[in-house]
Amino acid sequence: MRVISGERKGTRLRAVPGSATRPTTDKVKESLFNIIGPYFAGGDALDLYAGSGGLGIEALSRGCDHAVFVDKQRKAIQTVMDNLKTTRYESKATVLQQDARSVLDQLVLKGQPFKLIFMDPPYHAEEHVPFLHIIESNRLLTDNGVVVCEHGSDVTLPDQVGQLEKIKVQRYSDVITISFYEYAATEE
């Protein structure tokens, strides 16, 4: 694994030890950032189920100001911290060892919106739809932001969740599909 593009391009990242975490491959990461970016003029990123932190770190390398990394596994949190040190992004990151739902509840209370939200839960725990409802109803996504949902290819996420509209679906294999959401355009 490595940082694909931006100011830390080529920096190698560690994977989480063991088999409990499945990292997003470099090929998939490059493709999804080409869809949503590829570069950003600031904004914050939220990396739920961060694993190694590869998606949030890629967002920082491509121009995001700050990233919040969330994972409940101690090994994953240590890996994120090691990768942040390697990329010298410690000052641009908040790392939380908590479950994703608790963090979303905290962010609702803060009223902090994000430009990018990455959701990559374990495929057997398809939490996308309830989390999309929380994000949408509490405006946790900026008006020009994108929610990136990595999920099993056997799962079809809804076309609309409140005002969040699925703008693209990219299937990468028989196992991995990514659905992209943003706020639906309003007529004026």
Side-chain angles (χ1 to χ4, degrees), residues 16 20-24 29 32-33 35-37 40 42-60 62 64-81 83-84 89-90 92-152 155-169 176-184:
V16 179
T21 303
R22 134 195 71 64
T24 302
K29 187 167 43 172
L32 83 82
F33 274 93
I35 291 168
I36 64 173
F40 310 101
D44 293 342
L46 174 61
D47 193 350
L48 294 172
Y49 306 95
S52 66
L55 294 174
I57 289 171
E58 188 74 30
L60 291 171
R62 291 172 182 249
C64 282
D65 295 322
H66 188 266
V68 177
F69 298 86
V70 180
D71 208 297
K72 64 181 181 180
Q73 294 182 42
R74 187 177 52 77
K75 287 181 182 179
I77 291 299
Q78 186 58 55
T79 303
V80 169
M81 290 172 29
N83 285 335
L84 287 168
Y89 281 141
E90 300 103 321
K92 290 184 158 200
T94 301
V95 182
L96 302 171
Q97 185 177 354
Q98 293 179 266
D99 71 83
R101 175 60 192 256
S102 295
V103 171
L104 280 179
D105 291 343
Q106 293 167 27
L107 294 171
V108 166
L109 294 175
K110 285 183 176 180
Q112 177 183 2
F114 293 88
K115 181 176 188 68
L116 298 173
I117 299 176
F118 301 103
M119 278 197 288
D120 184 9
Y123 287 169
H124 66 277
E126 298 294 347
E127 297 171 323
H128 296 95
V129 175
F131 285 10
L132 286 167
H133 279 290
I134 293 168
I135 291 164
E136 187 273 336
S137 63
N138 294 285
R139 300 293 294 182
L140 292 179
L141 186 68
T142 61
D143 286 338
N144 60 347
V146 178
V147 181
V148 178
C149 301
E150 187 172 332
H151 54 88
V155 172
T156 301
L157 295 180
D159 291 337
Q160 191 114 13
V161 176
Q163 293 298 309
L164 289 176
E165 182 176 59
K166 186 166 40 173
I167 57 167
K168 185 168 182 65
V169 176
I176 300 169
T177 295
I178 299 181
S179 296
F180 301 85
Y181 287 85
E182 64 183 21
Y183 283 113

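Atom set for the values below is all heavy atoms of this structure, side chains included, hydrogens, waters and symmetry mates excluded. Please read these numbers as outputs of a predicted model, since none were measured by experiment.
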Euclidean distance, Thr79 OG1 relative to Gln73 CD, rounded to 0.5 Å: 9.5 Å
Show the numbers, then the answer: is there a side chain to side chain contact (heavy atoms under 4.5 Å, CB included) between Tyr183 and Leu164? CA-CA 4 Å; Tyr183 283 113; Leu164 289 176; 3.9 Å; yes
Less than 4.5 Å apart, side chain to side chain, heavy atoms only: is that true for Pro121 and His128? yes
Show every salt bridge (Lys or Arg N to Asp or Glu O under 4.0 Å) that has at least one partner inside residues 43-53, sequence neighbours left out. none
Closest contact, heavy atoms only, Val16 versus Gly51: CG2-C, 3.5 Å
Have a look at Phe118 and tell me which of Tyr181, Phe180, Phe33, Phe131 forms a ring pair (Phe, Tyr, Trp, His ring centres under 6.0 Å) with it. Phe33
Non-hydrogen side-chain atoms of His66 and Phe114 separated by less than 4.5 Å: no
4.5 Å side-chain heavy-atom contact, Leu104 and Leu46: yes
Can you find a heavy atom in the side chain of Leu132 that is under 4.5 Å from one in the side chain of Pro158? no
Are the side chains of Glu150 and Val148 in touch, meaning some heavy atoms are under 4.5 Å apart? no
In chain order, what residues pass the side-chain contact (heavy atoms from CB on, under 4.5 Å) check against Gln97, with sequence neighbours excluded? Arg74, Ile77
In Å and rounded to the nearest 0.5 Å, what is the CG to CD1 distance from Leu48 to Ile135? 6.5 Å
Considering only heavy atoms from C-beta outward, does the side chain of Val80 approach that of Asp71 to under 4.5 Å? no
So do Glu136 and Leu141 actually touch side chain to side chain, heavy atoms under 4.5 Å? no
Taking salt bridge (charged side-chain N to carboxylate O under 4.0 Å, His left out) as the definition, give me every residue that meets it alongside Asp159, ordered by chain and number, with sequence neighbours left out. Lys166
Looking only at non-hydrogen atoms, find the nearest pair between Ile134 and Val108 and report the distance. CG2-CG2, 3.9 Å
Quick check: closest heavy atoms across Leu140 and Ile117, and the distance to 0.1 Å? O-CD1, 3.7 Å
To the closest 0.5 Å, what do you measure between CD1 (Ile36) and CZ (Arg62)? 8.0 Å
For Arg101, does the CZ atom sit with more than 12 other heavy atoms under 6.0 Å from it, leaving out its own atoms? no
Working to the nearest 0.5 Å, report the span between NZ of Lys110 and CG of Leu107. 6.5 Å
Quick one: closest heavy-atom pair of Ala59 and Leu116, and the distance? CB-CD1, 3.9 Å
How close do Leu84 and Ala93 get, counting heavy atoms only, and between which atoms? CD1-CB, 3.5 Å
Between Gly42 and Lys115, which heavy-atom pair has the shortest distance, and what is it? O-CD, 3.5 Å
Interatomic distance, Thr156 atom OG1 to His151 atom NE2 [nearest 0.5 angstrom]: 7.5 Å
Would one find more than 12 heavy atoms of other residues, nucleotides or ligands at under 6.0 Å from atom NZ of Lys75? no
